[in-house]
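Okay, structure first, notes after.
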Amino acid sequence: MLFPYRNDLRKTLIPYLRTLDEAFWFKTSDFYPNNVAWIISHLSSSEDYWVNEIGLKNPCILNLHDDCSPKEILDSYIQIRNYTDDILHTLDESQLNEIVEVPKFSDGWTPPSVPTLNWLFHHVYSHEAYHVGQISVIAHLSGLPKPLF
């Protein structure tokens, strides 16, 4: 199985997100600029962008915007991973070595290694882990229970 760890965080995070009331999704702090809605939307849109636009050269499939409800955001988060998982099930390990063309970003960021499909999926999953940690920070700053990672 490719990337067997890819959904481990989601086993805890998705049930946690389902317990949050809508106000917490959009709660901000003087100490931290992002909120849960932004993080989950960002993760969903980023995975869509990297897998579809960069990896497969297809248009993105999600339609997230600032007026989305927590349910729409969470549904998109689940939808894009189911989509990505379906793609992974069609790939064999030799395809993971295919080079992907990464655009030039305005901040000068470049991949730390050769950008293959393998690298791309690792990038998506490590990016998710980074941002999921921020949800615990937001919960702590707001005095709410944190996800039990």
Quick one: pull up [atom1] in [X] and [atom2] in [Y] and give me the separation to the nearest 0.5 Å.
| X | Y | atom1 | atom2 | result |
| --- | --- | --- | --- | --- |
| Leu144 | Lys27 | CG | NZ | 7.0 Å |
| Asn58 | Asp48 | CG | CG | 10.0 Å |
| Leu17 | Thr12 | CG | OG1 | 10.5 Å |
| Phe121 | Leu88 | CZ | CG | 4.5 Å |
| Ser45 | His42 | OG | NE2 | 8.5 Å |
| Cys68 | Asn63 | SG | CG | 7.0 Å |

Can you label the angle between the His122 ring and the Tyr5 ring as parallel, tilted or perpendicular, going by 30° and 60°?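 The arrangement is parallel - the two ring planes meet at less than 30°.
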Name the orientation class of the two ring planes belonging to Phe105 and Trp50 (parallel below 30°, tilted from 30 to 60°, perpendicular beyond 60°).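 It falls in the tilted class, 30° to 60°.
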Do other residues, nucleotides or ligands put more than 12 heavy atoms under 6.0 Å from [X] [atom1]?
| X | atom1 | value |
| --- | --- | --- |
| Asp66 | CG | no |
| Asp107 | CG | yes |
| Lys57 | NZ | yes |
| Ile99 | CD1 | yes |

For the hydrophobic clusters of this structure (ILVMFWY residues joined by side-chain heavy atoms under 4.5 Å, transitively), does one cluster hold both [X] and [Y]?
| X | Y | answer |
| --- | --- | --- |
| Val132 | Tyr130 | no |
| Leu141 | Phe149 | yes |
| Ile87 | Val124 | yes |
| Tyr83 | Leu91 | yes |
| Val100 | Leu2 | yes |

When you measure from the side chain of [X] to the backbone of [Y], do you find a donor-acceptor pair of N or O atoms at a distance under 3.5 Å?
| X | Y | result |
| --- | --- | --- |
| Asn35 | Thr28 | no |
| Asn82 | Asp85 | no |
| Tyr77 | Ile14 | no |
| Thr19 | Tyr16 | yes |

Are [X] and [Y] close enough that some pair of their side-chain heavy atoms sits under 4.5 Å apart?
| X | Y | result |
| --- | --- | --- |
| Phe31 | Ile138 | no |
| Trp25 | Lys71 | no |
| Pro70 | Leu20 | no |

Subject >> For Ile80, the option from Val51, Leu43, Ile61 that meets side-chain contact (heavy atoms from CB on, under 4.5 Å) >> reply: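 Only one of Val51, Leu43, Ile61 forms a side-chain contact (heavy atoms from CB on, under 4.5 Å) with Ile80, namely Ile61.
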Residue pair Asp92 / Ser94, side-chain donor-acceptor N/O under 3.5 Å: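 Note: Asp92 and Ser94 side chains meet the donor-acceptor criterion.
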| said: One thing to verify: whether Glu47 and Arg10 come together as a salt bridge, which I'm taking to mean a side-chain N less than 4.0 angstrom from a carboxylate O. | reply: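 Salt bridge present between Arg10 and Glu47.
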If you take all heavy atoms of [X] and [Y], which pair is closest and at what distance?
| X | Y | answer |
| --- | --- | --- |
| Ser44 | Ile73 | OG-O, 4.2 Å |
| Asn34 | Ile39 | CB-CG1, 4.4 Å |
| Leu9 | Ala129 | CD1-CA, 3.5 Å |
| Ala139 | Phe24 | CA-CZ, 3.8 Å |
| Pro115 | Pro111 | CB-CG, 4.1 Å |
| Leu117 | Gln95 | CD1-O, 3.5 Å |

Q: Just do the ring-ring contact (aromatic ring centres under 6.0 Å, His included) check on His127 and Trp109 with the steps written out, would you?
A: CA-CA 14 Å; His127 177 251; Trp109 180 88; 9.8 Å; no
